[in-house]
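Chain naming here is simple, since letters A, B, ... match the order of the sequence lines and numbering starts at 1 in each.
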Amino acid sequence: MKSIPHVVPQTLSRRLITTALAAAAILAITALVAPDRAWANLLLSGFFLTTLGLGGALFIALTNVCGASWSVAFRRVPEAMTGLLPLGGGLLLVALVAHLPRYAWHHHGTGDAGTFWFKELWLEPKFFIARAVGFVAIWIVSSRILVNHSRRQDTMTHTATTSASGVSSILFLAMFAVSISLAGVDWIMALEPMWFSTMWGVYQFSGLILATLSAIIIACILLRRVGPLAGVFSHDHLHDLSKLLLGFGCFWMYIWFSQYMLIWYSNIPEETSYFIARTHGPWGPIVLASILLNWVIPFFVLLPRPCKRNESVMLKIACVVLLGRFFDLYVMIFPPVTGNVPVFGIPEVATIIGMGCLTALIFMRSFAEADAVPRNDPWLAESLHYHA
Amino acid sequence: MSHRVLFASFEHEDDLLAAATAIRQKGLRIIDAFTPYAVHGLDRAIGLKPSRLTWVCFVCGMTGALGMLWFEHWAASVSWAVNVGGKPWNSLPSDVPVAFEAAVLLAGFGSVFALFAVSRLYPGKQARNIFPGTTDDRFVLVIDETNAAFDVVRVEKFLLAFNVVETCERIQDGGRYS
């Protein structure tokens, strides 16, 4: 198969850099005026971008392990998404290392060392930072391994890398399941050190996969429009991605509600604190908005078959879900950091725009590093002729 | 109402797909196709309308969810109000799991039974294999002959280009061929 040349357009690249710098400047000013708020935005954007990059690697590993052939034609898209990991991880580590004292447990522990001795041990600052560095490092390395297997295949005529990527994918999935749960607990659940939820790990996963699928859908549709994936990414591929988005939207709602209902039913004060702060009072409408964006709207729009195959509908729905992911994280992170009244304004909009620009920029560069299609993959022909 | 149909059988799915597309381009109507296995793209080639089963599924699911929500509300806070854990009688979160299950149950059963009803299937129904080869190595198109312009000889000659193996005329009466 002929490889299609693709380069990063210079003017677009410059505009994205300028906008991202403007957003960073706004956040820097915010850091002077309202440091808590700027830190919450930094943590949110770091976590958002890291999980988006990690989601790309998860998609590759998951499809490899399943022996899925349908997704091979556009596999370079999730591969390019893993390029977000160094930036996202960097932002995250800046947020954690430079501002560790913002976690309530940093100065005086959880406040009850006798009862919560394990939590005290777990949240020991050096151990906490070492874990964070470890998670980010292992995610970057393991996603590089998955991407390199695939890129090396382009110059090979035998299938040794195909079987090697299968083994790496299995190991990645086991590592991912444990690390994302612990990372979510460390960085977000520990904002409220006395609160806990056993659903937290799977809740993090559900949001991650939802945002990842949306980003893949947007990237594939845009790349089909501008050229590299024209004639490669078909309506049937889009249809399957949309089906996954519909399914995982329901999964997100299922997990969200399971967490809520467990806590609501047992009604124990140490567990209910999370939802009382978020559903009683001004945060309530924002929680409802995140449910609307993550599940209600996508669910009813994605039910009819024609919508799932329509690229302009899917482009809009994927944007809605990404915005939903922002508000989902916003509701998790902001209440314990900025207080009982939601703050939403220029800094948050700057965060959203800045994340969008950086994602687009890094994605384009990462995508341009390799051929647009894994041309020597044994499953490519099957993927190109895929019927949903 | 009975009318005449033409059975055209092929040995390869590619021939079947090409013939189906060409026949529809000539303005003739294809009633059905019989194949040993599911052929990709055949639904489009014979001009099959999108299934309405999804709507049955959706309506059944919504009926299950809304019906169960109403029933739980009636049972737990109207007919026999019970205090459970000090919660309000009319507590939506406790109603959601059962409403969800009822939606899945009704959507599932509704779709299956609607499919049975539409395709006239019931337990103990005798299999009617209208063309023995279709369970083995034959791909059959059923072409409508009611069009006044239909000329069997010309259609048969036209189908030769697609390596047709055999053609025969049958009578269709409702869902039966004889």
Side-chain angles (χ1 to χ4, degrees), chain A residues 69-70 197 199 234-237 239-240 242-243 246-247 249-269 271-272 274-276 278-280 284 287-288 291 295-296 298-310 381-388, chain B residues 13-14 16-17 20-21 33 35 37-46 48-66 68-69 72 76 82-108 110-111:
Chain A
S69 59
W70 67 278
S197 161
M199 300 290 295
S234 69
H235 288 291
D236 294 297
H237 293 136
H239 191 183
D240 269 17
S242 312
K243 280 188 260 184
L246 173 64
C250 294
F251 180 72
W252 177 89
M253 189 68 244
Y254 183 83
I255 297 301
W256 190 99
F257 181 75
S258 299
Q259 174 170 274
Y260 177 80
M261 198 189 65
L262 286 176
I263 291 171
W264 173 83
Y265 240 125
S266 59
N267 208 13
I268 304 168
E271 286 181 355
T272 51
Y274 180 87
F275 280 111
I276 285 176
R278 284 163 179 81
T279 55
H280 294 233
V287 172
L288 282 181
I291 290 173
W295 179 66
V296 181
F299 178 74
F300 286 102
V301 173
L302 292 183
L303 273 184
R305 188 173 187 269
C307 290
K308 288 197 280 264
R309 300 171 71 87
N310 182 315
E382 195 165 311
S383 180
L384 289 173
H385 296 108
Y386 178 69
H387 285 276
Chain B
E13 64 171 87
D14 297 338
L16 176 88
L17 285 170
T21 313
T35 56
Y37 52 83
V39 174
H40 280 302
L42 188 59
D43 49 347
R44 263 166 289 176
I46 67 170
L48 208 61
K49 288 199 195 93
S51 168
R52 287 164 298 172
L53 203 59
T54 51
W55 283 102
V56 175
C57 182
F58 180 70
V59 170
C60 288
M62 289 304 273
T63 310
L66 298 175
M68 188 51 82
L69 277 179
E72 286 178 282
V82 179
N83 183 338
V84 180
K87 301 258 192 296
W89 289 336
N90 184 23
S91 289
L92 187 63
S94 59
D95 294 347
V96 168
V98 186
F100 172 75
E101 299 301 340
V104 173
L105 185 76
L106 257 71
S111 308

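With values rounded to the nearest 0.5 angstrom, L106(B) atom CG is found 11.0 Å from L66(B) atom CG. Taken from CD1 in I255(A) to CE in M253(A), the straight-line distance is 10.5 Å, to the nearest 0.5 Å. Atoms CZ and CG, on F300(A) and L246(A) in that order, are 10.5 Å from each other to the nearest 0.5 Å.
The two atoms that bring P93(B) and M261(A) nearest to each other are O-SD, 3.7 Å, heavy atoms only.
Annotation: side chain of L48(B) is not in contact with side chain of L42(B) (no heavy-atom distance under 4.5 Å). Residues L262(A) and M199(A) are in side-chain contact: their nearest non-hydrogen atoms beyond the backbone lie under 4.5 Å apart.
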Just list the donor-acceptor pairs under 3.5 angstrom between chain B and chain A, please.
residue: R44(B); atom: NH2; partner: H387(A); partner atom: ND1; Å: 3.4
residue: K87(B); atom: NZ; partner: W264(A); partner atom: O; Å: 3.1
residue: K87(B); atom: NZ; partner: Y265(A); partner atom: O; Å: 3.2

